Structures are given as C-alpha cells and as structure tokens.
Amino acid sequence: MARALIEKRTDWTGIGFAAVLTIVIIFPLLVVGTWAFTNVWRYPSVIPQEFGLKFWQQTLARADVWSSITTSLSLSVTVTLLSCVICLPAAYAFARMEFPARNLLFFSFLAGHAFPKFGLLVAIAGIFLQLNLIATFWGVVLIQLVGTLLFMIWIPVAAFQSVDRRMEEAARDVGAKPFRVFWSITLPQAGPTIAAAVLLSFVGTFYETEGAWLIGAPQIRTLPVLMISFINNQPVIQYGAVLSVILWVPSFAALLFARRIISSGSFARGFGG
Amino acid sequence: MAMLDIQGVTKKFSTTMAVDDFSLTVADGELVCLLGPSGSGKSTLLRMIGGFETPSGGLITIDGDDVTRVPPERRPTGMVFQSHALWTHMNVFNNLAFGLKLRHLPKAEIRQKVEAVLELVGLSGYGSRATTQLSGGQQQRVALARSLVLEPKILLLDEPFASLDQHLRERLREEVRDIQQRLKITTLFVTHGQDEALALADRIVVMRDGHTEQADRPDVVYREPASPFVAGFIGSMNLVDGTIANNVFTHTGFTVPLTAADGQATLAVRPEALHIVPASGVGMAKIHRVTDYGTHAIVDIDLPDGVRLKAMVGEARAWTAGQAINLKPRAFAAYRDNVAIFRSLDNHG
C-alpha cells in the first residue's frame, strides 16, 4: 500500500537532487571528457570542430607523465600497505582491548582532519626540512600515511567491534588458538568493511595533492600534481583534460569493486549504520 | 567416563561476586540443569567450565585433570551458545569441519564424521547450505552438531533455545534429550526456564546470587523446594507470610494447622494442592475470578487483606466470582529464615 502510494507521487525532491548532482558532477565531467578527445574547439561553437586523439599521443609521449604515473601508483600502494600494517593491529587493539588513554588516542586521529590542512602541512614541511625528508619519496609516503589514519583506524575499529564475540569463542571452543581465530573468523567477518577502508585509503592517497605537492616538489610529482601544473602552466587545455581522464581510471575501478561491498551493506556497517 | 568436578569455584567481577564458593560434581552421562534468574551466576559458571572465564578461586577438574586455567581450545568441552554463533562466512559443512580440520584429520574422515553428525541432528544433505539460509531451529541444530562432531567429554549448553518460539523449543529440547541419552554424554545445561529444566534434567541445580539454593532430582526440587526462593521459582506457588502460634499458621483468617515452633513463617502451597470448598457465611476468602483453561481452571482468590492466591480446580463451572470459600491446603510447607520448618506428610502425593 505505502509503496504504491509513494510510486504514484512525483518525487520532486528526488528530481531536484538528481538535477543538481547532474549539473555539478556529470556536466563538468562531460566537458572535461570532451576536451580530452578534442583536437580543435574554438569559441563560440557548442561542439568541438575536430575530434581526435592528437593530445593523447602528445601527452602519453611525455616522460614526465609516465614517471608521475609510476610515482603515483607506487606511492599509493606503499602508503596503503604500510597503513594496513600499522592501522589494522591498532584498530584491533582499539576495538578489543582496554588501555590507558584509549578514548583520547582514538579521537586524536580526528585532529589531523579538524584543522585547516594546509596550515598543518606547512608546519610539518618545516619539520621535514630539518629531517631531510622534503622532496623525497618517503617524505611523501609519511605525509600521506597521516592522511589515511582516520579511515584506516575508525572504519576497521567499527568492523572489529561488530564481529560477534560468541563466534570467536565458538572457534576457540573447537580448538583454534587465538591467532587462528583472528585469521579464520574475525578477519573474514570484518573483511568486507576493512576492504572498503583500504579502498578509500588507496583512492584517497592517489588523488591527494596538497601534501604530495608541498612535501614532494619538485622531485616527486604525482599524477594529480602534474595535472595541476599542466592546467596552470600550459596554454593548451587538452593536456590537463587527458590527465584528468587518465585519473578517472583508478576511481572507476575502485567504484566497480566497491559496488559489491557497498551493496552488501558492510560499508554502512563500518560507519555504525 | 567423563566426570566433572567443581570445587569451591569463585568468580569476582570488579565489585560483584558472580559465583560464590560453588561446588558441584556431575557424574558420567548425567544431564544437569543450572537454573536461576538472570544474574544468578549460572552462565558465568558455564563459561568458567568452558574456559572463557578464569575463576578467581577454586578448582575445576574433568576426569581428574585440573582444567581450571586451561584455555578453551585445549579443553575437552563443547559449548553451544545462546545466539548459535555460527560462522556466517562458511557454509554448514565448513562450520562443522573447522574443528576437525584443526585436528588434521584426513579429508575422507572429516566428510564422514560431518555427514554422520548432520544425520544425528536431522539435517542430512544440508552441508552446502549457507548458515543464513537456515531457520532458527536449524541453526541451533547445526550449532549443536558443531560441538558434538568433536566428541567432547562435556557438553555445555548456554540457554540454547532462548531465542526460539515455544513450540520449537519443546521439540528441540526433546531432541537434545534423545541425543544426549544416545551418546551418554555428560551435559550441563543453563536455562532460566523451569519447564525446560524439569523436562530435561537428571538433576537441577537452582542458583541464586552465585550459590546453590538446591541441587536435586527435578521431582524433589518441585515437591520439596528447599527455600521459598526455590518454591517460588519452580512452577507456580502461593507464598503467604504469617505467624505460627500453638501449631497453627495464621494469616488474617486463613488458618492452617501444622507442627512448628511459634514465630514468623512463610507458607507455600502449590495451586494444584490448594483445595477450596464453598463456605457458609463469610468464609476465609472470596473468589476474584475463574479462568477456564479447558483441561483445568485457575481460581484467583482474594484473602480479606487483598493478598491474592491461586488454586487449580478441575471444573470451572462449580465456581463463580464473589463466592465465599474456605481454603484447605492438602500439601504445603512452611519456611522460616530461608529454611523449611515444616512439610505436610502427603507432600509426595
């Protein structure tokens, strides 16, 4: 009954949301996408005069583009792996153990996100300068690692907390030692939610620009940093547009992967939903 | 032979005594029910036997081996949890095979054991099902099978049917009793349902505030409750406070002759033992309401000061609300300071 009623009424709020989202998300993407495959597009024409892959060839022929792709990928992979190694045991501890200042520490991960990021970065850059970490790969890894802490602690904590303790006890009962219980029961139970956190931190690291630029420049240039400099310094729009389209690939792949996780509801569970 | 011996076990959580100097010996093949209200320490006791809590003091031995501080994975106990606690990321077969795999049994033997136990709990052919596809009763059967497949010396059941509906609960408890009898497995069963305890147990341990109130055969616990607490907890029971003087118990006009020293006392009469007769004149009490249950009827009785009693009668038609009656308890007990000071002779009748 209720469902039939809802279906009959025109959902103006929904249409409004869809329209706004289309204008602010889809439309810009469409414009950038079009630019990437355009050879000539002069004002006031609404569609480009000439489509083509000319700028793809030019962009992909540049050594700095390839080196930035390599840098971005190896950075994201390194940061995500390190983050897993550091954060997952920590998250397990936060979820399952009592220790002094537990809550204070837990909420301290918000601090990195509670203040204007750029100010924080400048202060960190000052410290890194003394430690000779500026413009090094590991300097950028370190700064991006800080950015992943919140996701990689908070979401897995919720995931571990939502694992039924009785399931773990049942595993102990049939003869599994504590580590085996973690490996065979706790981790698979918390797995989908943790995968969502890992995904978020990978994509987040891949697209991060401020830290990568401030700490990494000029030696370490990630793909997004390169794109910004193309957009700022090149008179030709297409270079930036092509890089932008290349940058869609990881988030598109991540979305495809995430769809499975999100539809299973574990993503929401990670946020306590 | 698997004998469980609990000697003076104590469990203290920061401020409260959950289990207080508890002792119990369970014989080989015996099914003992730990019965008590929530917070009586029965679950804590079971968890200590399973190894999930460490006693603050005392000794737990299984077949003479001290297991007091042995972790659960090295105990010969199998536990069935209230919430079934099946591993939802594994199918039924893998839930049952997990413990066997940890013991490095050959694959063929694992398969054969799992199939045998599935048959035992009436779930043959369910191996490839996801646990979430099963009904509540089936899930609990799988949980039972998961413990049984490892052939534990002691089976521990922690209110396993609490989340099931009445009908299913009755069926499953009969199945559990059958399986337990067939395997002759020493079993401890925690419940707060007295009918479950009465139906299942060889022996009932009634717990209150971490200690034993009474431990005896179900019929004895029912007919000769050791304290007003047990009397009130097992079955339905009328409890009336009054005074004894010259071998007569009195509560505002309700008098019962007995043999006990003068003083305060609590009289306990089961509804089926409270005989009522029509009174000429005012009588001891008045009928408040008659409820017909078909097989029998329950008469609610008001004493003059408003205390409500219940009596079970065969025919509802013989009684009407407002009728004046006299009370003649046929079987009863009197308690003082938590101890029985008198039991009527035909208590067993």
Side-chain angles (χ1 to χ4, degrees), chain A residues 88 91-92 95-100 102-103 155-156 158-199 257-258 260-270 272-273, chain B residues 14 43 46-47 49-53 70-91 94-105 110 113-114 117 131-132 139-140 142-152 154-160 163:
Chain A
L88 293 185
Y92 188 78
R96 287 298 165 80
M97 294 170 197
E98 276 300 325
F99 48 86
R102 180 184 169 278
N103 282 336
I155 296 177
F160 285 133
Q161 275 173 343
S162 69
V163 175
D164 186 358
R165 297 296 288 267
R166 301 276 179 260
M167 280 192 200
E168 296 175 352
E169 288 180 346
R172 289 291 295 275
D173 198 50
V174 301
K177 291 199 173 69
F179 184 75
R180 184 65 199 256
V181 174
F182 178 79
W183 187 252
S184 296
I185 309 296
T186 317
L187 211 53
Q189 284 287 326
T193 313
I194 289 175
V198 171
L199 209 71
F257 181 62
R260 278 177 46 203
I261 301 169
I262 292 167
S263 60
S264 74
S266 46
F267 201 79
R269 224 184 305 145
Chain B
S14 56
S43 277
L46 199 75
R47 289 173 59 76
I49 299 165
F52 301 108
E53 305 282 354
V70 173
E73 63 267 26
R74 289 201 277 119
R75 290 191 188 209
T77 55
M79 180 115 154
V80 177
F81 296 86
Q82 181 179 338
S83 55
H84 67 72
L86 294 176
W87 304 307
T88 50
H89 59 289
M90 302 179 189
N91 65 15
N94 285 327
N95 264 275
L96 301 181
F98 185 66
L100 298 168
K101 283 178 189 163
L102 290 172
R103 283 159 180 72
H104 303 293
L105 293 184
I110 292 178
K113 275 177 186 274
V114 168
V117 81
T131 56
T132 45
Q139 285 172 333
Q140 209 51 271
V142 174
L144 178 67
R146 181 172 65 183
S147 292
L148 289 177
V149 77
L150 300 171
E151 296 162 24
I154 315 274
L155 181 64
L156 307 170
L157 300 139
D158 189 6
E159 306 204 25
S163 55

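All of these numbers come straight from a predicted model, not from anything done at the bench. Naming convention: chains lettered A, B, ... in sequence-line order (proteins, then strands); numbering from 1 in each chain. Note that these values count all heavy atoms, side chains included, but never hydrogens, waters or copies made by symmetry.
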Exercise. With respect to chain A, which residue among B/M90, B/Q82, B/R75, B/R146 yields the maximal number of heavy-atom pairs within a distance under 4.5 Å?
Worked result: B/R146
Problem set entry | Shortest non-hydrogen separation from A/E169 to B/F81 and the atoms involved | OE1-CE2, 3.5 Å
Exercise. Which pair of non-hydrogen atoms, one from A/A170 and one from B/W87, has the smallest distance, and what is that distance?
Worked result: C-CZ2, 3.7 Å
Exercise. With a 4.0 Å cut-off, would you call B/E73 and A/R180 a salt bridge?
Worked result: no
Problem set entry | ring pair (Phe, Tyr, Trp, His ring centres under 6.0 Å) partners of A/Y92, counting only residues at least two apart | A/F160, A/F182
Problem set entry | Atom group of B/S83 that falls short of 4.5 Å from chain A, counting heavy atoms | side chain
Problem set entry | Closest contact, heavy atoms only, B/T88 versus A/Q189 | OG1-NE2, 2.8 Å
Problem set entry | Part of B/L100 within contact of chain A (heavy atom distance under 4.5 Å) | neither
Exercise. Who are the side-chain contact (heavy atoms from CB on, under 4.5 Å) partners of B/K101, not counting sequence neighbours?
Worked result: B/N94, B/A97, B/I110
For this session: For each of A/E168, A/R172, A/R165, A/R166, tally heavy-atom pairs with chain B at distances under 4.5 Å, and name the one with the top tally.
Result: A/R172
For this session: Pick one of side chain, backbone, both or neither for B/R103, based on which atoms fall under 4.5 Å of a heavy atom in chain A.
Result: side chain
Problem set entry | Smallest separation among heavy atoms of B/H89 and A/P188, with atom names | CD2-CB, 3.3 Å
Exercise. How long is the span from the CG atom in A/D173 to the OG atom in B/S147, to the nearest 0.5 Å?
Worked result: 5.5 Å
For this session: Looking only at non-hydrogen atoms, find the nearest pair between A/V174 and B/L102 and report the distance.
Result: O-CD1, 4.1 Å
